[in-house]
Structures are given as C-alpha cells and as structure tokens.
2 protein chains.
Amino acid sequence: MNVTRNDVARLAGVSSATVSYVINNGPRPVAEHTRQKVLRAIDQLGYNPSTIARSLKTKKSTTIGVVVSDILNPVFSALAKGIEDVMLERNYNLILCNSDENPERELRYLRMLVGKQVDGIVITPTGKNLNFLLHTVAANNCPIVLIDRKIEGLPTDCVTFDNEMGAYQATRHLIELGHRRIALLNLPSTLTPGHERLFGYERALREADLPRDPNLVVEGSFKADEAYRLAEIILNSPEPPTALLVSSNRLLAGVLNYTKQHCIPIPQKLALVGFDDVPYYAYTSPSITAVSTDLKHMGTVIGRLLEQHITNFDKDYIPQNIRVPSKLIVRESTIGSPAGS
Amino acid sequence: MNVTRNDVARLAGVSSATVSYVINNGPRPVAEHTRQKVLRAIDQLGYNPSTIARSLKTKKSTTIGVVVSDILNPVFSALAKGIEDVMLERNYNLILCNSDENPERELRYLRMLVGKQVDGIVITPTGKNLNFLLHTVAANNCPIVLIDRKIEGLPTDCVTFDNEMGAYQATRHLIELGHRRIALLNLPSTLTPGHERLFGYERALREADLPRDPNLVVEGSFKADEAYRLAEIILNSPEPPTALLVSSNRLLAGVLNYTKQHCIPIPQKLALVGFDDVPYYAYTSPSITAVSTDLKHMGTVIGRLLEQHITNFDKDYIPQNIRVPSKLIVRESTIGSPAGS
DNA sequence: ATGAAAGCGCTAACAT
DNA sequence: ATGTTAGCGCTTTCAT
C-alpha cells in the first residue's frame, strides 16, 4: 500500500488521529463536517487501511485459523463454509490449513498461525502437538475449538458429531431389516469418532442379543484405496456379512469401487450404510443410506462458539462440549431401489 | 504473544538485531556460539516471532488470498489443495474466501485482502470489480492470477481449462456413438467457460454436418436445483435429445436427480457426459463419462505462477495465459454398463 | 472537537 | 561480529 493514513490526514487537513476516529467510528466523536472531509479524502486517494499495522497495535488480527485434516473431504468444505458465513459478519478472515493428518505439518501451521496472531483456532487435531496447543491457549489468549475429535487434557471447546448415537441408529436400522451379520468398516479407534462409533454399533448388537463377531469389525485409515482392500477381505470371509456400516465417505468410496467392480448387488447381496452424508449419496444409483449431520449448521455453531469465546475471553471460562445430533437418512442402499436401474 | 524479541535478546545477552539475524538466517552472519545462545533462549522462552510486526516492516505478509466462487464445489477444493501444497514450501499461508458468485461479497473480501497486505491473489472473478482489481495490480504490486475465467482488459496471469477442446471432444465422442440430437446444458455463456464450451460443442456439430438446433442448448446458473428444472424442460421437449452434455458437476447433480426420479435409463435412453470430473463420477452406477482435468496439478501450476510472479515482480512482466488440457474419461454413462446393477 | 506523540515488534541501515 | 536506532502505519493517551 502506498497511500497511508498520513496522506489522508494531510489531504483532509486534519490530524491522523482524526482519520482513525472516522475509520473506526470511535472511540472519539468526530464533527460531521470533518468526517465528510476525511471520507472524501479517503475516497479520492483510494485509501485502504493497513490491517497489519492495526493488528500490531491492537494485538487482534481479525483472522482465525482453521486447520483441517483433509481439505478434499467435502465434510470439511461444508464446515468451513458454515464457519466462514458466521465470521464474515464480524469481518473476520479464515486462514485455511490442511494438516493432511500429519503432525509435523500441523505443528508448522500452528506456529504460523500464532505468528500471525490469529484471534482463534478451529482444528481437527491429529492428536499430537498437545503441548503446543496447551501453551497456545494459556499464553496467547487464543481460544481453540476442537472439531470432530475430543482430546483429553485440553481445556477447550469441542464440537463433535454424535457418533455413538449415529452408529447405534444405523446398526439398529439394519437389525430391523433382518440383518444378522453386520460388519463395521471403521476409522481408527484410536480417535474418538472411531471408538464412539464402535460403541454405538456394539450397543445396538447387544440390545438385539446378536453375537459380537470380531471378524466383522475392521479398522481402516482414511484412504479410499485401503477401503477397497478391506472391503475385499470382509466380503470374501468364510461367513460374509449381509450388511456393512462404513464409517466415512472416503472409506465408502473405496467400498463402492469394490462392489461395483465385482458386481455385488446393493442392497440385495449387501446392504450399505455410510457416514458423513455428502451430496452425491442422494443421487447415485443406488442412493446411499447414511448417518447425516447438518454440516453447515455445525459450522455455524463452531463459528459462533469461537467468536463468542474471542470477544469475551475469560480465564475461568468453562469449556463446552457440544454434540451435534445426527439422523439416519434411509435410501436405496438398505431398502432397495423403487426406481430400479 | 507476550514474549518478544527483546526478551530473547536480554536472556541471550545479545542485541535484538542479532536475534533477528539468527531467526532469519541473515542477512548478516552470526558466530556459531552466539547463535546457539540465541536458539537456546528462544527455546527456553517458547518464543514465536510476530509475523505481523515483520510484515509491517517488510511489506510482505507471506500470505496469499484465494477467492473462489463456491467453496463447496470440489473443483475448488482440489485447486486449493494444489495451491496450498506449493505455497507451504515457501511458508506461505492461504486466506480462503468464498465470494458465492456475489460481486459485493467479492469486493469486500478483496478489500480485506489488500488491507492484510497479501502478497498475491488467486481469484475466480465474478466479472465485476474490475476497477478494484486493476487498481490493486497497479498500485500495490500485488500480482493476481485469474482462474477459470479470463477477463478482457485485466493484464494478469490467467489459468483456464481448455473448455473449447473439452466440449469438442465430448461432443465428438457422442457423435461417434451415433447420437444425432445432442443437447448442451451450459453455464451462463456470459462467462468464458460457458461460451468456450458452446464453441467446442458447435464446432463438433458443424464438422459432423449436424444441424444446430437452438432448442437443444440451454443455459443454467450454478445451482443444482435449477438444473433439475432445465433437465425436465429439455427431456420433455417434442423431440428430446438422446444425449446430454452437462457443463458442470453442480448442474450434473441436478440432472442425475431428475433422471433418477423419473427412471430414465442411462445411457440407453439418454447418454450423459459431465464436466469437472470429480471423484464420485467414477464409482456411481452408472459411472459418469466426463471431461477431466488434473485439478491438483492445475493448482500447482497456479501456485507456481503466483509464487514466481511474487518473487520477481516486474513492471514489464508479460501476463501469461495458461490453458490446462483436459481429456475425456469414458465411462458407463455413454457406453453402457458392463457391470449392470 | 481536535492535535501531538509514544509505542506495538520487527528489520536493516548505520554504527563500532 | 555485534550493538544502536529509525521507522513501518496504526491506535490511543495526553494534551490543548
């Protein structure tokens, strides 16, 4: 920027302080006549205030950092959109970072964000870098909202899916359809979503007095190609399941690849329930029954929580745990296609 | 941040300048012994340099702004990922902004980005705010890379899909399959991608001596629900087409909804070709034939172009126009399902 | 109602 | 090889 506030002051024939008060609408009143002069000068010079200089002074950057584990996952795009919608009203920007589930990359980004003096951080934590996160909250008055994964020992807000309930509902749905052998292709159970979904699944089985067959529970990573192999293993076992619950849209992609290539009719031979309802689930053939969450709304919740936390940061703030409910959307992959294809 | 560079200097028993030279690895050499002392002090205090203060001094923010028209569109997520991968190596951050195809929102974001002194901007322009964009390039030494849409009169780099060729290939493919009545559900032809695709489509028809029936070309916006209605109109016309070329993944979503609800067999009754190859095209039933571009690579190209432009900004730089080639991926929606379903 | 000036944390030119 | 210091553009306290 070449035009500075001093240029504006000079042109308007006022002091630079007055220009500030005009721009910020305070904290000191400015005579209407003076105001007009200043505004005209700003306009004439095409002046844009330097947020950087302001931030240096105020220690606020009106920027928040969002660190997600996979920017390509539509779940995170949808959340980011929700967060952005809330933040734009307050003139905040989002710095979007993609940790790729890599703790080193995560740490690097966190350092960058702190250096940029972000006013808050939203993160799907890898689970590492706890020290840094703790230190950040304590030392920098930089509120943090965890999404998707709760981490013990971090006194921060946390917004999660109701994983246990989601898995429970999905499993019950399959049981009610008469399935006896229901498999679960799960996320790593080292992370909260993974083990919560496992719990929900097991609870539904237990309540229905169905045996818990360890061969029916398989854990994958986040990669679709791994899901392909795991689907192969599950479906070729001596006693294959008649239904499969798949714990993420990425894993489901791998499973669909497999069932498609091997012409496994869905739901006749295998009923399928997905998690992370994403748009295309609705218009594929068959369409996919899924545990669905209103992601944009969840993003809004996250944004609001963070914003509120930023504006009144308080030493004895009590971290909140918000569980966003999910509901089962029943489609053709479990109840058969009314349309055929 | 509470710990400043002065605290570090004091603890290490050196001047603050020396701390700078250690942190930045120059521009002045520092004795190894001193270096170690400084590094130890940094570590001990948990010091993080303030990027904000540095930016104020250097006029560089090591941040770029990315303004896309729809963050929920996987095309843009993929591009953003490619850009980010390039920028991370140079320690740049991405501020991601979602204009939602709204010129006012776009302008607001552009102002914010300039205020934050971003070092460069990547944008899918709405087509408005030309003055601001021009002014920004000229006045702020802030290079701009346009993506997807070329704007006349803006002397900036521009990276686009090879829309004409893509549409041409797709249309040819359908012609070779024997289709005579091929419809085009297009983006607004006021934007470059729209009219280039129209050109490609028309060229293929012309070369095959097929008549150009205006009823077969329909323009939509970007919304899936509008596409649903348009699909209805096209397919219920007196002489319905036997093949349909759909100009974006969002529009295709609407079309698939329609064909699904009305049990229109694909490709038997209607052959379908999409644009913007996105992952799910491959594993739906039927899978979708599409004009495909390597988006991550395209993101890399964009990132590199911008980065190079940032590091040697030059008054007589000649803006580059890069056209990223696309290729047709033939799947079941045009050639029939080998797998059935 | 307005002006003058200190200072935010850093970089780099000018010192030694 | 290292220290000193001006100044980036802003906000805000202290003046008037």
Side-chain angles (χ1 to χ4, degrees), chain A residues 1-38 41-42 45-63 112 114-119 139-141, chain B residues 1-39 41-42 45-63 91 112 114-119 139-141:
Chain A
M1 209 56 199
N2 292 316
V3 184
T4 83
R5 194 208 37 182
N6 271 315
D7 302 326
V8 175
R10 205 171 310 121
L11 179 61
V14 300
S15 80
S16 58
T18 303
V19 179
S20 265
Y21 299 131
V22 170
I23 289 173
N24 301 334
N25 273 320
R28 190 198 267 182
V30 176
E32 186 52 28
H33 176 66
T34 318
R35 237 178 72 83
Q36 291 305 329
K37 272 196 306 190
V38 171
I42 288 176
L45 296 173
Y47 167 72
N48 251 296
S50 159
T51 322
I52 298 244
R54 170 187 283 150
S55 296
L56 181 59
K57 188 70 189 173
T58 61
K59 309 264 168 263
K60 305 197 77 277
S61 58
T62 52
T63 304
M112 287 170 94
V114 170
K116 282 199 157 54
Q117 221 105 244
V118 292
D119 299 330
N140 291 37
N141 289 4
Chain B
M1 208 57 197
N2 291 315
V3 183
T4 84
R5 193 206 40 181
N6 271 315
D7 302 326
V8 175
R10 204 171 311 122
L11 179 61
V14 300
S15 80
S16 58
T18 303
V19 178
S20 266
Y21 299 131
V22 170
I23 288 171
N24 301 335
N25 274 320
R28 188 199 268 184
V30 176
E32 187 52 29
H33 176 65
T34 319
R35 237 179 71 83
Q36 290 307 329
K37 271 196 305 189
V38 171
L39 290 177
I42 288 175
L45 296 174
Y47 168 71
N48 251 297
S50 159
T51 322
I52 298 241
R54 170 187 283 149
S55 296
L56 180 60
K57 186 71 189 171
T58 61
K59 309 261 167 262
K60 306 197 74 279
S61 59
T62 53
T63 303
N91 282 316
M112 286 170 95
V114 170
K116 282 200 157 54
Q117 221 103 245
V118 291
D119 299 331
N140 290 40
N141 287 4

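Because only heavy atoms are used, hydrogens play no part in the values below, and waters and symmetry mates are left out as well, while side chains stay in. Protein chains get the first letters and strands the later ones, always in sequence-line order, with residue 1 at the start of each.
Summarising the geometry, the separation between NZ on A:Lys37 and C1' on C:dT2 is reported as 10 Å, rounded to the nearest angstrom. Regarding B:Leu56, its CG atom lies at a distance of 17 Å from the P atom of D:dA6, rounded to whole Å. The separation between A:Gln117 atom CD and C:dG9 atom P is 8 Å, rounded to whole Å. To the nearest angstrom, P of C:dA13 lies 13 Å from CG of B:Asn24. Separating the CD atom of A:Gln36 from the P atom of C:dT2 is a distance of 13 Å, rounded to the nearest angstrom. Atoms CG (B:Asn48) and P (C:dC10) sit 10 Å apart, rounded to a whole Å. Taking atom NE2 of residue B:His33 and atom P of nucleotide D:dA1, one finds them 14 Å apart after rounding to whole Å. Remark: C1' of D:dG7 and CD1 of A:Ile52 are 16 Å apart, rounded to the nearest angstrom.
Heavy-atom distances to DNA chain D give each of B:Arg35 and B:Thr58 a nearest nucleotide, and the one nearer the 5′ end belongs to B:Arg35.
Looking at A:Thr63 and A:Lys116, their side chains never bring a donor and an acceptor atom within 3.5 Å of each other.
Taking a 4.0 Å limit (strictly below) on heavy-atom distances, residues 10-18 of chain A reaches DNA chain D at A:Ala17.
On a pure distance criterion of 3.5 Å, a polar donor-acceptor pair joins the side chain of B:Lys57 and the base of D:dG7.
A search for salt bridge (Lys or Arg N to Asp or Glu O under 4.0 Å) contacts involving B:Lys60 returns B:Asp119, not counting sequence neighbours. Judged as a side chain to side chain donor-acceptor pair (under 3.5 Å), and not counting sequence neighbours, B:Thr51 has no contacts. For B:Arg35, the salt bridge (Lys or Arg N to Asp or Glu O under 4.0 Å) partners at least two apart in sequence or on another chain are B:Glu32. Qualifying side-chain contact (heavy atoms from CB on, under 4.5 Å) partners for A:Ile52, counting only residues two or more places apart in sequence or in other chains: A:Ser50, B:Ile52, B:Ser55, B:Leu56, B:Ser61, B:Gln117. With sequence neighbours left out, the side chain to side chain donor-acceptor pair (under 3.5 Å) criterion links B:Thr34 to no other residue.
Nearest to the side-chain atoms of A:Ala31 among the listed nucleotides C:dC10, D:dT12, C:dA1 stands C:dA1.
Contacts of B:Thr34 with the nucleic acid, taken as non-hydrogen atoms under 4.0 Å apart, involve only primed sugar atoms and P, OP1 or OP2.
The list of salt bridge (Lys or Arg N to Asp or Glu O under 4.0 Å) pairs with a residue in residues 6-22 of chain A, not counting sequence neighbours, reads A:Asp7-A:Arg10.
Between A:Lys59 and the phosphate of C:dG9, there is a side-chain N or O to OP1/OP2 separation shorter than 4.0 Å.
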Is there any protein nitrogen or oxygen under 3.5 Å from a nitrogen or oxygen in nucleotides 14-16 of chain D, and what are the pairs?
{"unit_1": "D:dC14", "atom_1": "N4", "unit_2": "A:Arg28", "atom_2": "NH2", "d": "2.8"}

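Nearest heavy atom pair, residue B:Ala12 against residue B:Ala41, reads CB-CB, 3.9 Å.
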Between side-chain atoms of residues 17-27 of chain B and protein atoms elsewhere (two or more places apart, or another chain), which donor-acceptor pairs fall under 3.5 Å?
{"unit_1": "B:Thr18", "atom_1": "OG1", "unit_2": "B:Ser15", "atom_2": "OG", "d": "3.2"}
{"unit_1": "B:Asn24", "atom_1": "OD1", "unit_2": "B:Arg54", "atom_2": "NH2", "d": "2.8"}

